[in-house]
Number of protein chains: 2
Amino acid sequence: MAEERGYAKGRARRQQILEEAVRLFGEVGYRAASLRELAQRCGLSHPGLLHHVGDKESLLLAVLAHRDAADAAETGLLAAEGADRLDALVEVVRRNASRRAIVELHCVLSAEATAPDHPAHAFFVERYARTVASLASAFPGDADPVSAARRLVALVDGLQVQWLLDPDVDMAAELRRHVAGLRGAGDARLERADGRGRD
Amino acid sequence: MAEERGYAKGRARRQQILEEAVRLFGEVGYRAASLRELAQRCGLSHPGLLHHVGDKESLLLAVLAHRDAADAAETGLLAAEGADRLDALVEVVRRNASRRAIVELHCVLSAEATAPDHPAHAFFVERYARTVASLASAFPGDADPVSAARRLVALVDGLQVQWLLDPDVDMAAELRRHVAGLRGAGDARLERADGRGRD
DNA sequence: CCTACCGATCGGTAGG
DNA sequence: CCTACCGATCGGTAGG
């Protein structure tokens, strides 16, 4: 019982550390982030923090795995509701507009990790390949589904930077217009037959 | 004469410092970049470097101004040749594929500068507003030219991240497909009447 | 342009 | 989980 409470406390502490690390890495990036600053935000000494996370690089990989798991869970929920792939993406982007820390984390770390010697470089190379390949299946009729998916991912990333710099930018609305453009350009001119014209 | 040689040497040194700073800031960002590392790459001591640049923040602003001037000069040249605005953008992106350092600088600094307290924050807020407003005039027939311009800029930014992570990504080709899609969706179906079908 | 130095901060470890 | 410490490195200045 005492041990179980001990383990539960350890898990809660680790959760707190991961969430604060998401914030800090998003604010200043991985390289410029300090373990002392993070420890202070969590209310412990910096050797205390290191006891939980091992070292700085392990913490970074844990944060990325933590975010990946949360994103997969959300995507899974939307898929379970049988939503169209592109509509699900719009919904995720719409929700991200109320989660600045998570958007910052992705923008700052993906840019920082373009450096080949960055500890998260392989992670992001693999993640983009996976995301593009997965989204390509949402364009079955397209002449080049991988290209269409790549441009969609690029658009989302670029909109996030503009939104972080200017919160008046409406990421979801911009993405919706792009998707509408793709559908409008389809062989048959279905145009506003479904969706947006209704609500 | 001796003075003129002295001034010329100073200008050449400053040019060298700015170019090495573009590389270093692109590699690790502004916050994580060290003036000692930069000084070493320029072949001088770090107080020697500070003599030329004042302090670290002034160096950053000088680097941004330096790049802005070079970009404006290139855009001006393309405009003087009477190129279509969108074709000129494709051409700039095509050329950037052989200037990794410059693409890295933009991606890394723009992401880092989304933090409101970053010394380049105001610069990027202003630059995006200016770029989007300027490009909007390339969509005179569009229902929402600012939105079309914003999505175009977002696409270019996002493609740069993917290209930095995987050099096989063809930024110019992806951008061309996007532009072709926009033209194809125009009211009249002009499609391949001009341009791309020829060369 | 240099050497020499300032106070501050870094990631990580020793030892308990 | 802590205090105390390690060697390394930071931006910037003094003084020449």
Side-chain angles (χ1 to χ4, degrees), chain A residues 2-21 23-25 27-64 108-109 112-113 115 117-120, chain B residues 2-21 23-25 27-64 108-109 112-113 115 117-120:
Chain A
E3 276 116 48
E4 264 205 279
R5 226 189 293 140
Y7 285 142
K9 216 169 110 181
R11 263 184 276 117
R13 183 62 101 175
R14 189 178 165 81
Q15 191 71 14
Q16 178 199 18
I17 290 171
L18 290 177
E19 284 166 14
E20 291 290 351
R23 281 195 194 83
L24 183 59
F25 287 160
E27 287 169 23
V28 301
Y30 168 72
R31 277 190 251 247
S34 140
L35 295 181
R36 281 172 170 85
E37 168 69 21
L38 179 59
Q40 196 181 343
R41 294 188 186 191
C42 295
L44 43 79
S45 68
H46 99 269
L49 173 70
L50 281 164
H51 166 76
H52 286 95
V53 302
D55 59 17
K56 195 184 179 186
E57 187 169 328
S58 301
L59 169 62
L60 172 64
L61 300 178
V63 166
L64 293 172
V108 171
L109 287 190
E112 199 182 26
D117 65 328
H118 192 281
Chain B
E3 276 116 47
E4 262 203 283
R5 226 188 294 140
Y7 285 141
K9 216 168 109 179
R11 264 184 276 115
R13 184 61 105 174
R14 188 177 166 79
Q15 192 72 13
Q16 178 199 18
I17 290 171
L18 290 177
E19 282 165 15
E20 291 291 351
R23 281 195 192 83
L24 183 59
F25 287 160
E27 287 170 23
V28 302
Y30 167 72
R31 278 190 250 247
S34 140
L35 295 182
R36 280 172 170 86
E37 168 69 21
L38 179 59
Q40 194 181 345
R41 294 187 185 191
C42 296
L44 42 80
S45 68
H46 99 270
L49 172 70
L50 280 165
H51 165 76
H52 285 95
V53 304
D55 60 17
K56 196 183 179 186
E57 187 169 326
S58 301
L59 170 62
L60 173 64
L61 300 179
V63 166
L64 293 172
V108 171
L109 287 190
E112 199 182 26
D117 64 328
H118 192 281

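Letters go in sequence order (proteins before strands), and every chain restarts at 1. Quantities reported herein were computed from a predicted structural model and do not represent experimental measurements.
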remark   = Going 5' to 3' through nucleotides 5-16 of chain D and flagging B where a protein heavy-atom sits under 4.0 Å of the base, S where only the sugar-phosphate is that close, and - otherwise, we get B----BBBB---
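Using a cutoff of 4.0 Å between basic side-chain nitrogens and carboxylate oxygens, A:Arg31 and A:Glu57 are not scored as salt-bridged. Look at B:Arg23 and B:Glu19 and you find no salt bridge, because none of the NZ, NE, NH1 or NH2 atoms lies under 4.0 Å from a carboxylate O. Using a 4.0 Å cut-off between charged nitrogen and carboxylate oxygen, A:Arg14 and A:Glu20 do not count as a salt-bridge pair.
Checked by atom type and distance alone, the side chain of A:His51 never pairs as donor or acceptor with a backbone atom of A:Pro47 at under 3.5 Å. B:Glu112 contributes no side-chain N or O that, together with a main-chain N or O of A:Val28, makes up a donor-acceptor pair within less than 3.5 Å.
Counting all heavy atoms, side chain and backbone alike, A:Pro119 lies closest to A:Leu60 at CG-CD2, 3.9 Å.
One can place NE2 of A:His51 at 16 Å from C1' of D:dT3, the figure rounded to the nearest angstrom. Taking atom CZ of A:Arg14 as the reference point, atom P of D:dC1 lies 13 Å away to the nearest angstrom.
Within the 4.0 Å cut-off from OP1 or OP2 of D:dC1, not a single side-chain nitrogen or oxygen of A:Ser45 is found.
For D:dC5, the paired base is C:dG12 (Watson-Crick or G-U wobble, both distances below 3.5 Å).
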